[in-house]
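This report refers to the structure that appears directly beneath it.
Just so we're on the same page: letters track the sequence lines, and every chain starts at 1. The figures that follow rest on heavy atoms only: side chains count, while hydrogens, waters and symmetry mates do not.
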Amino acid sequence: DAKTTQPPSMDCAEGRAANLPCNHSTISGNEYVYWYRQIHSQGPQYIIHGLKNNETNEMASLIITEDRKSSTLILPHATLRDTAVYYCIVRIGTSGATNKLIFGTGTLLAVQP
Amino acid sequence: SAVISQKPSRDICQRGTSLTIQCQVDSQVTMMFWYRQQPGQSLTLIATANQGSEATYESGFVIDKFPISRPNLTFSTLTVSNMSPEDSSIYLCSFKSNEQFFGPGTRLTVL
């Protein structure tokens with residue numbers, strides 16, 4: 001699986017958009033970009049995933065560059081409860097034998113009041 | 001989405017003993033995973049456990065230290081054997097449905 005690079009930490013003001021970057025320059029054509037987050041003392045929580053098109057759900061938006069070498073997770077209106085470690089992961093496919101999620105070090109997002 | 005639970009939620013154990021962690025999912029799932037999260041670190045995959053077959057361990061993890069059972073499609077156990085303080089971690093089970101979901105974790109402290 002391709003490796004990802006994320007900044008170790010970021011701050012964001014409450015109510016503002018949080019934009020979390022991720023580099024995955026060695027991503028393969030069949031690898032998806034997944035985002036998970038881990039709030040303190042909880043298990044990781046799925047946020048969103050995409051292949052090459054931008055995606056949006058009730059939690060966030062995912063913007064993937066045209067060359068797919070980087071992506072940005074956008075939390076449109078960050079709240080204090082969004083303070084967490086955010087993990088960007090690339091993985092082959094969404095089903096089948098190669099299903100392992102391999103976590104990197106992630107970005108600690110601190111939402112400030 | 002399915003609910004996933006773990007028991008115990010936390011434990012304090014003496015070195016040299018073993019602890020079995022239980023993971024229960026409220027629906028049938030084919031693939032289950034066990035992760036370890038050492039203090040201040042990210043998650044590390046220990047093994048993949050499919051019902052009806054031997055667990056597949058990642059590099060650095062062996063069956064003698066972390067035996068896994070997967071007796072049916074809703075349940076799995078991970079045993080941490082012959083524990084040492086270095087085994088103090090959070091152990092999380094996970095399953096894949098449409099997406100991958102994680103249990104709340106078992107916080108293990110080895111004295």
Side-chain angles (χ1 to χ4, degrees), chain A residues 1-10 20 22 24 31-51 55-60 62 73 83-110, chain B residues 1-10 21 23-25 29-61 76 78 89-109:
Chain A
D1 291 331
K3 187 175 174 62
T4 63
T5 304
Q6 299 177 252
S9 64
M10 292 181 62
L20 292 98
C22 179
H24 30 79
E31 287 183 315
Y32 287 70
V33 180
Y34 281 78
W35 283 84
Y36 280 75
R37 73 179 183 184
Q38 187 174 25
I39 296 170
H40 184 62
S41 297
Q42 298 182 23
Q45 174 190 24
Y46 166 80
I47 301 173
I48 199 167
H49 76 279
L51 182 62
E55 302 287 344
T56 296
N57 62 21
E58 64 279 3
M59 289 183 68
L62 174 60
L73 179 75
T83 293
V85 178
Y86 287 77
Y87 295 100
C88 169
I89 303 166
V90 293
R91 183 173 81 177
I92 294 174
T94 59
S95 62
T98 310
N99 278 291
K100 298 184 292 187
L101 275 181
I102 305 299
F103 286 78
T105 54
T107 296
L108 173 59
L109 175 69
Chain B
S1 59
V3 174
I4 181 169
S5 61
Q6 289 183 232
K7 288 196 296 186
S9 59
R10 59 177 62 228
I21 302 167
C23 180
Q24 179 76 52
V25 185
V29 297
T30 302
M31 302 188 74
M32 293 183 75
F33 308 87
W34 286 97
Y35 286 81
R36 179 175 74 181
Q37 188 168 28
Q38 294 175 300
Q41 303 295 313
S42 182
L43 284 78
T44 301
L45 181 63
I46 297 172
T48 301
N50 293 336
Q51 195 271 333
S53 63
E54 295 281 330
T56 303
Y57 289 83
E58 297 297 305
S59 175
F61 297 95
S76 179
L78 170 77
S89 293
I90 298 172
Y91 292 86
L92 299 104
C93 69
S94 173
F95 73 92
K96 189 174 188 308
S97 177
N98 290 325
E99 296 311 327
Q100 192 158 336
F101 298 92
F102 289 80
T106 295
R107 184 179 295 271
L108 171 62
T109 301

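- Residue with the most contacts toward chain B among A/Gly43, A/Pro44, A/Ser41, A/Gly106: A/Pro44 (heavy-atom pairs, distance under 4.5 Å).
- When all heavy atoms of B/Leu45 and B/Trp34 are compared, the closest pair comes out as CD1-O, 3.5 Å.
- Proximity to chain A is absent for every atom of B/Gln6, based on heavy atoms less than 4.5 angstrom apart.
- Taking the six-membered ring wherever Trp is involved, the centroid distance between the rings of B/Tyr35 and A/Tyr36 does not fall below 6.0 Å.
- When atom types are taken as modelled, the side chain of B/Ser42 and the backbone of A/Gly104 share a donor-acceptor pair closer than 3.5 angstrom.
- Looking at A/Gln38, only its side chain comes within 4.5 Å of chain B, counting heavy atoms on both sides.
- Under a 3.5 Å cut-off, the side chain of A/Ser9 and the backbone N or O of A/Leu108 do not form any donor-acceptor pair.
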